[in-house]
**Q** 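Have a look at the structure that comes next, please.
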Amino acid sequence: MTRTYPMAGLPEQVTVYEVGPRDGLQNEAAIVPVEVKAEFIDRLADAGHRVIEATSFVHPKWVPQLADAEQLLDRLERRPGVRYPVLVPNERGLDRALERGVAEIAVFASATETFAAKNLNRTLESQFEMFEPVIRRALDHGVRVRAYVSMCFGDPWEGPTPVPQVVEVGRRLLDLGCYELSLGDTIGVGTPGHVTALIEAFGSPDRLAVHFHDTYGQALGNTLAALKAGVTTVDASTGGIGGCPYAESATGNLATEDLVWMLRGLGIETGLDLDKLVATSTWLADRLGRPSPSRVVQALAKG
């Protein structure tokens with residue numbers, strides 16, 4: 001349906017880090033049954049995903065939508081060549097993940113003082129006291145560790161986030177041994193120039209990923225800027241579901257289908273089957289009781 005028109009300076013291949021089962025479903029008002037979550041993940045793997053963030057070992061009191069993490073992992077039929085990382089907030093969460101034989105985890109940091117207090121009950125500095133033993137122990141067990149940094153572009157309480165502050169937090173996480181750092185635009189206020197400036201401030205994009213929310217319709221433009229700056233891993237959520245339970249102004253994630261449509265038009269390989277992704281989002285929308293916010297899903301599902 002679309003022709004390919006490559007642009008100079010872009011990667012030939014992009015890894016789509018699928019966050020729908022975790023970052024998408026954690027913000028749903030209703031509890032999604034564990035069997036639906038398991039089928040969702042299986043459908044994502046069938047569509048070609050090779051990285052699917054399955055769940056979170058956050059305390060059920062804070063994120064009740066993901067209280068079934070153990071049951072879900074027990075149900076999963078893990079496919080060869082597919083990674084199923086989980087989010088781990090602290091050492092207790094790590095213990096639970098290790099008990100289930102998890103091979104990859106992610107930790108979640110803040111780039112601002114206020115969000116660190118609201119999300120982690122820590123200061124910007126003391127959050128590292130929580131992450132350091134988690135990362136060290138995970139690595140000692142041969143578990144890979146990814147790091148998210150939230151509020152990288154702006155904070156609803158503090159306003160724009162200073163670039164040097166983001167870089168300092170991010171570099172400390174990388175220095176602790178995280179293999180990848182995902183820069184999060186949690187409330188969707190970033191713009192392409194800001195994205196470029198932040199990535200360039202790190203000096204090298206080699207261990208960076210991006211995680212955009214589409215609050216102001218900037219997610220695809222910001223993604224293109226990140227690709228031009230050398231990033232080759234992009235977080236996305238099938239159907240565009242998700243948000244952040246600790247920031248009311250954080251709306252949905254960048255939709256995987258919208259991302260794949262753009263990348264396909266640019267001739268960039270993802271290994272994903274767009275038709276199967278659209279079918280999965282349509283299937284999930286029926287179970288969530290509302291239409292997918294993805295523009296590509298809306299367009300293709302009609303046709």
Side-chain angles (χ1 to χ4, degrees), residues 11 14-15 17 19 23 51 53 85 87-91 93-94 104-155 157-187 189-213 222-223 225-235 244 246-247:
V14 162
T15 297
Y17 191 102
V19 299
D23 196 22
V51 189
E53 193 168 69
L87 186 70
V88 169
N90 51 36
E91 287 198 87
L94 177 63
E104 182 174 340
I105 66 167
V107 296
F108 198 90
S110 174
T112 66
E113 286 283 2
T114 306
F115 193 64
K118 290 181 176 292
N119 188 36
L120 304 171
N121 198 29
R122 299 276 179 152
T123 65
L124 193 61
E125 176 62 32
S126 68
Q127 66 179 331
F128 291 97
E129 297 172 5
M130 181 169 62
F131 299 136
E132 287 176 3
V134 172
I135 296 170
R136 183 183 66 252
R137 285 185 54 209
L139 294 175
D140 287 345
H141 281 83
V143 174
R144 302 178 83 213
V145 184
R146 186 188 209 230
Y148 289 99
V149 180
S150 59
M151 302 296 175
C152 288
F153 297 88
D155 177 299
W157 303 277
E158 298 183 16
T161 309
V163 167
Q165 187 169 302
V166 179
V167 173
E168 180 180 357
V169 170
R171 282 181 174 159
R172 287 182 68 175
L173 290 164
L174 290 172
D175 288 345
L176 286 172
C178 296
Y179 78 88
E180 186 171 74
L181 180 74
S182 179
L183 304 173
D185 187 7
T186 315
I187 58 173
V189 296
T191 52
H194 192 171
V195 171
T196 303
L198 178 57
I199 293 170
E200 289 180 347
F202 274 91
S204 170
D206 291 349
R207 295 166 67 189
L208 301 181
V210 288
H211 185 116
F212 296 122
H213 286 209
N222 288 341
T223 298
L227 298 179
K228 289 181 178 179
V231 171
T232 59
T233 298
V234 180
D235 297 359
C244 177
Y246 300 100

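Bear in mind that the values here come from a model prediction, so they are computed numbers and not experimental data.
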**Q** Using every non-hydrogen atom in the two residues, find where Leu124 and Ala116 come nearest and quote the distance to one decimal.
**A** N-CB, 4.1 Å
**Q** Backbone N or O of Gly190 within a donor-acceptor pair of the Asp185 side chain at under 3.5 Å?
**A** yes
**Q** Could you go through the side chain to side chain contact (heavy atoms under 4.5 Å, CB included) check for Gln165 and Met151 one step at a time?
**A** CA-CA 11 Å; Gln165 187 169 302; Met151 302 296 175; over 6 Å; no
**Q** Heavy atoms only: give me the nearest Val107-Leu87 pair and the separation to one decimal.
**A** C-CD1, 4.2 Å
**Q** Can you classify the ring geometry of Phe128 versus Phe131 as parallel (below 30°), tilted (30 to 60°) or perpendicular (above 60°)?
**A** perpendicular
**Q** Between the main-chain N or O of Thr186 and the side-chain N or O of His213, is there a donor-acceptor pair closer than 3.5 Å?
**A** yes
**Q** Excluding sequence neighbours, so at least two apart, what forms side chain to side chain contact (heavy atoms under 4.5 Å, CB included) with Arg137?
**A** Glu91, Leu94, Asp95, Leu98
**Q** Can you name the nearest heavy-atom pair linking Leu120 to Ala109, along with the distance?
**A** CD1-CA, 4.4 Å
**Q** What pairs with Phe153 under ring pair (Phe, Tyr, Trp, His ring centres under 6.0 Å), at least two apart in sequence or on another chain?
**A** His194
**Q** What residues form a side chain to side chain contact (heavy atoms under 4.5 Å, CB included) with Ala229, not counting sequence neighbours?
**A** Ile199
**Q** If you take all heavy atoms of Phe202 and Arg171, which pair is closest and at what distance?
**A** O-NH2, 3.2 Å
**Q** Mind running side chain to side chain contact (heavy atoms under 4.5 Å, CB included) on Tyr148 and Val19 for me, showing each step along the way?
**A** CA-CA 12 Å; Tyr148 289 99; Val19 299; 3.6 Å; yes
**Q** Looking only at heavy atoms, what is the nearest atom pair of Ala111 and Val169, with distance?
**A** CA-CG2, 4.4 Å
**Q** Pair Arg144, Glu180 - check side chain to side chain contact (heavy atoms under 4.5 Å, CB included), show working.
**A** CA-CA 9 Å; Arg144 302 178 83 213; Glu180 186 171 74; over 6 Å; no
**Q** Would you say Ser110's side chain and Val149's backbone share a donor-acceptor pair under 3.5 angstrom?
**A** no
**Q** If the condition is salt bridge (Lys or Arg N to Asp or Glu O under 4.0 Å), which residues does Glu113 pass it with, not counting sequence neighbours?
**A** none
**Q** Would you say the side chain of Cys152 lies within less than 4.5 Å of the side chain of Thr161, judging by non-hydrogen atoms?
**A** no
**Q** Taking side chain to side chain donor-acceptor pair (under 3.5 Å) as the definition, give me every residue that meets it alongside Glu200, ordered by chain and number, with sequence neighbours left out.
**A** none
**Q** Quick one: pull up CG in Leu139 and SG in Cys178 and give me the separation to the nearest 0.5 Å.
**A** 7.5 Å
**Q** Tell me whether Arg207 contacts the main-chain N or O of Leu181 through its side chain, where contact means a donor paired with an acceptor under 3.5 Å.
**A** no
**Q** Looking only at non-hydrogen atoms, find the nearest pair between Ala138 and Val145 and report the distance.
**A** CB-CG2, 3.6 Å
**Q** Partners of Thr232 by side chain to side chain contact (heavy atoms under 4.5 Å, CB included), sequence neighbours excluded?
**A** Pro11
**Q** Start with the C-alpha gap between Asn222 and Val210, add the side-chain angles, then the distance that decides, and say whether side chain to side chain contact (heavy atoms under 4.5 Å, CB included) holds.
**A** CA-CA 9 Å; Asn222 288 341; Val210 288; over 6 Å; no
**Q** Heavy-atom distance under 4.5 Å between the side chains of Pro89 and Phe108, does that happen here?
**A** no
**Q** Indicate yes or no: at least one non-hydrogen side-chain atom of Val231 is less than 4.5 angstrom from one of Val195.
**A** no
**Q** Let me confirm one number: the NZ-OG1 distance from Lys228 to Thr196, rounded to the nearest 0.5 Å.
**A** 8.0 Å
**Q** Could you measure the distance from the CH2 atom of Trp157 to the NZ atom of Lys118? Nearest 0.5 Å is fine.
**A** 5.0 Å
**Q** Answer yes or no on whether Arg146 is positioned over the face of Tyr17, meaning its NZ or CZ is under 6.0 Å from the six-membered ring centre and within 45° of the axis.
**A** yes
**Q** Near Asp175 CG, under 6.0 Å, is it more than 12 heavy atoms from other residues, nucleotides or ligands?
**A** yes
**Q** Keeping the roles fixed (side chain from Glu158, backbone from Thr114), state whether a donor-acceptor pair exists under 3.5 Å.
**A** yes
**Q** Show your working on side-chain hydrogen bond (donor to acceptor under 3.5 Å, both in side chains) between Ser182 and Asp235 and close with a plain yes or no.
**A** CA-CA 8 Å; Ser182 179; Asp235 297 359; 2.8 Å; yes
